[in-house]
Every structure is written in C-alpha cells, then in structure tokens.
Amino acid sequence: MKLATWNVNSLAVRLPQLLAWLAEHHPDTVVLQETKLTDDKFPVAELAEAGYLAQVFGQKTYNGVALLSREPAADVVKNIPGFEDPQARVIAGTVGSLRVVGAYFPNGQAPGSEKFAYKMRWLEALHEWLKAELQRYPRLLLMGDYNVAPEDADVHDPVAWAGQIHCTPEEREHFRQLLALGLHDAFRLFEQPPKSWSWWDYRNLAFRRNQGLRIDHILVSDVLKPQVASCVIDKLPRKNERPSDHAPVVIELIG
DNA sequence: ATGCCCTACTTGGTAGGA
C-alpha cells in the first residue's frame, strides 16, 4: 500500500505534473494541498481517467485540499469538526482499513501576528479532534503540509531560521503534542540523506543550493508503525519546469 | 533588505505564501 502527500500550489497549474507523477508511481491514495480550486472546477474526469476517485474540499484562490484514492473513501470529514473555519484545510476519509487525514496547516505568517494566533488555535483544535479520531480509528495517518519544521535537522540554516515562522518553540511544541497522541514521524523511522527537505523557496536559487525546510510530514499511529516499510521525499518533481515549491512525501505500508 | 519568486485576481498592483 502506497500513500503520498503533495502541496501542489495550484492544481490548475500542476495537473499535468500530477497526472504524470501518478502514472509513474501509481500510489493507492494521495492527499493534495493548496489546490486553489472551487469544487466545481476540480478535474474529476481527468483523475478518473487516471484511475482515481476524488473527495474534494476547495475554495477560490487560497487553500483547498483533496483526497484521491483508487478505492472509494468512506466517512469523509471536511475541516475540523466543531472548529468554525472559512478556510478549506482538512479532508479525512477511510480508505480500506486506513483512516487518512489530509491537512494543510496554516502558515502563520509571523510570530505575534493574527495569522499566528489563528495557527495556534487551529493546532489546538486539530489536537483535540485527533485525540478522538484515534480512539475511533486506530489505523490512522496524518499527512500533509504542516508548515512546521519540527527539529533543527529539518532546517537548512537553523541559526537564520531560529524563532522564525515554521521554527518557533510554540509550533514545535504543538508538533510534539501530536506525537504525544501516539503518532510517529514516518520519515524519521528510517535513516535518511542529510539535508532532506520537502520545500524550497522559489527565490534565491534555493532548490539548486538545497536550501529548504522539511515541513511536509506523514505521522502514523502506534498500530501502523510496525507496518511502515519506507518513507521518502521525492525531489524529482521539484526539478520540473514550473514546479510546485513542495515535493511529494511517499509512504509504503506492508500487510 | 519591508528586496529576490510564484499564484490568483476586480489584469495591475496587491495579497499570500513560507
């Protein structure tokens, strides 16, 4: 079983790259972030042609998430239940025996800003919801663009980024609180290349210089942890013409 | 360095991203 998460930064722009990537890797389930499409504009037919059903939760211009799967998704949830939010950031569904939660965490802009306060409220609500979701669905993955670099090892220049957005103590504490629910960072279950990032700024030749952050993550629940066969970041799509600034993260489960 | 790039949109500056 292969699953992936990818912040495509506009599916309207990136659809050809997504279709090519799906054809090459044939994952079973994929969550997308920053589709930036209202649901009526989602390319349902093109993805069906590629073999994927789509559960979509979009909005105009910003945000927007989707859950693509070869098998139908059941019990679909959009956004965090009980947390009023005009922004489309979460889509969850049950695919086979797995509960898949796809999420686009708020950016937060700058510590102390109103957007940062929203990020903190959103993270708190996510934590409370997942606590219940894990009780109901022990075989759970939380995958997406977290907009949090959990450790200094996830940052190309930890000194320059110290205290900056994605690297603040508050954000990292929220990440640890998710782990404390009984979740595990699948990428760190394996030895990985040093300087592994999932996002590189479009500016400053950042990709060519490998100056990035690891902010896209897949967390797996306790019972799934022994079934994780691999977890990798696929940097190749970042080398495309007109790439997303994020790379896909891919996980393989056995059993 | 409140700069750099990319996307969307009331299509020309602006907002937002990270």
Side-chain angles (χ1 to χ4, degrees), chain A residues 5-18 21 31-43 56-66 85-90 102-123 126 143-175 187 195-217 233 235 237-249:
Chain A
T5 175
W6 195 2
N7 179 326
V8 292
N9 186 15
S10 170
L11 188 55
V13 174
R14 234 65 68 186
L15 180 62
Q17 295 182 40
L18 175 64
W21 193 83
V31 291
L32 304 175
Q33 302 88 41
E34 286 206 87
T35 55
K36 301 185 178 178
L37 288 175
T38 50
D39 293 350
D40 59 304
K41 296 203 168 92
F42 197 89
V56 299
F57 183 40
Q59 67 181 89
K60 193 177 175 185
T61 308
Y62 302 118
N63 310 309
V65 288
D85 195 348
Q87 305 184 30
R89 295 189 171 277
V90 177
Y104 175 46
F105 291 37
N107 173 296
Q109 204 163 61
S113 67
E114 173 50 38
K115 290 194 173 74
F116 188 81
Y118 163 69
K119 184 175 193 173
M120 294 296 109
R121 291 195 301 275
W122 189 95
L123 285 163
L126 178 74
M143 43 206 299
D145 176 358
Y146 286 52
N147 274 316
V148 178
E151 307 280 349
D152 279 355
D154 303 310
V155 183
H156 73 94
D157 186 345
V159 173
W161 279 87
Q164 301 297 310
I165 196 66
H166 312 304
C167 303
T168 65
E170 295 94 327
E171 294 166 277
R172 287 176 167 180
E173 175 58 23
H174 275 291
F175 188 90
F187 190 75
K195 303 185 187 304
S196 287
W197 325 125
S198 67
W199 170 86
W200 300 259
D201 202 305
Y202 283 123
R203 298 169 288 187
N204 302 323
L205 305 172
F207 182 71
R208 200 198 295 184
R209 294 172 174 165
N210 197 32
Q211 297 177 344
L213 306 174
R214 191 176 72 95
I215 54 177
D216 301 84
H217 307 295
I233 297 169
K235 289 175 68 166
R238 191 60 175 78
K239 300 183 180 181
N240 289 342
E241 278 187 47
R242 291 192 83 186
S244 170
D245 43 355
H246 294 255
V249 186

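Naming: A, B, ... by sequence-line order, numbering from 1 per chain.
- For A:Asp39, there are no salt bridge (Lys or Arg N to Asp or Glu O under 4.0 Å) partners two or more places apart in sequence or in a different chain.
- If you take atom P in B:dA15 and the same atom in B:dC4, they sit 14 Å apart, rounded to whole Å.
- Distance NE2 (A:His166) to C1' (B:dG17): 8 Å, rounded to an integer number of Å.
- Atom P of nucleotide B:dG17 and atom NE2 of A:His246 are separated by 11 Å, given to the nearest angstrom.
- For A:Asn107 against B:dA18, a side-chain N or O and a base N or O form a donor-acceptor pair under 3.5 Å.
- Atom CD of A:Gln59 is separated from atom P of B:dA8 by 14 Å (rounded to the nearest Å).
- For the P atoms, the distance linking B:dA1 with B:dT11 amounts to 36 Å, nearest Å.
- Between the C1' atom of B:dA18 and the CG atom of A:Asp216 lies a distance of 11 Å, rounded to the nearest Å.
- A:Asn7 comes within 4.0 angstrom of the backbone, heavy atoms only, and of no base.
- Residue A:Tyr104 places no side-chain N or O under 4.0 Å from the OP1 or OP2 atom of B:dG16.
- The nearest whole Å value for the distance from the CG atom in A:Asn9 to the P atom in B:dA8 is 8 Å.
- The gap from the P atom of B:dC6 to that of B:dT10 amounts to 23 Å, rounded to the nearest Å.
- Rounded to whole angstrom, the span from the CZ atom of A:Phe116 across to the P atom of B:dG16 amounts to 18 Å.
- Of the P atoms belonging to B:dG3 and B:dT14, the separation is 14 Å, rounded to the nearest Å.
- By the side-chain hydrogen bond (donor to acceptor under 3.5 Å, both in side chains) test, A:Asn147 is found to be paired with no residue, residues two or more places apart in sequence or in another chain being considered.
- Atom CG of A:Leu11 is separated from atom C1' of B:dA8 by 14 Å (rounded to the nearest Å).
- Scanning for side-chain hydrogen bond (donor to acceptor under 3.5 Å, both in side chains) contacts around A:Asp201 gives A:Arg203, with sequence neighbours left out.
- In this structure, A:Asp145 reaches the sugar-phosphate backbone alone: every heavy-atom distance under 4.0 Å involves primed, P, OP1 or OP2 atoms, never a base.
- Nearest nucleotide to the A:Asn204 side chain, out of B:dC4, B:dA18, B:dG17: B:dC4.
- A:Ile165 has its CD1 atom 9 Å from the C1' atom of B:dA18, to the nearest Å.
- In this structure, the side chain of A:Ser10 does not engage the main chain of A:Lys36 through any donor-acceptor pair within 3.5 Å.
- Using atom P as the reference point in both B:dA18 and B:dT7, the two lie 13 Å apart (nearest Å).
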Give every pair of a protein N or O atom and an N or O atom of nucleotides 9-15 of chain B that lie under 3.5 Å apart, one pair per line with the distance.
unit_1	atom_1	unit_2	atom_2	d
B:dC9	OP1	A:Thr61	OG1	3.3

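- Using a 4.5 Å cut-off on side-chain heavy atoms (C-beta onward), A:Asn107 and A:Ile165 make contact.
- Among the heavy atoms of the strands, none lies under 4.0 Å from A:Phe105.
- Among the protein residues, A:Gln164 comes within range of no part of the nucleic acid, since none of its heavy atoms lies under 4.0 Å from any strand.
- The side chain of A:Arg203 lies closest to B:dC5 when the candidates are B:dG17, B:dT7, B:dC5.
- The side-chain hydrogen bond (donor to acceptor under 3.5 Å, both in side chains) check on A:Thr168 picks up A:Glu171, with sequence neighbours excluded.
- Side chains of A:Gln33 and A:Asp145: a donor-acceptor N/O pair is absent below 3.5 angstrom, by distance only.
- With sequence neighbours excluded, the residues that form a side chain to side chain contact (heavy atoms under 4.5 Å, CB included) with A:Gln87 are A:Gln59, A:Asn63, A:Asp85, A:Arg89, A:Tyr118.
- Among the heavy atoms of the strands lying under 4.0 Å from A:Asn147 are primed sugar atoms or P, OP1, OP2 only; no base atom is included.
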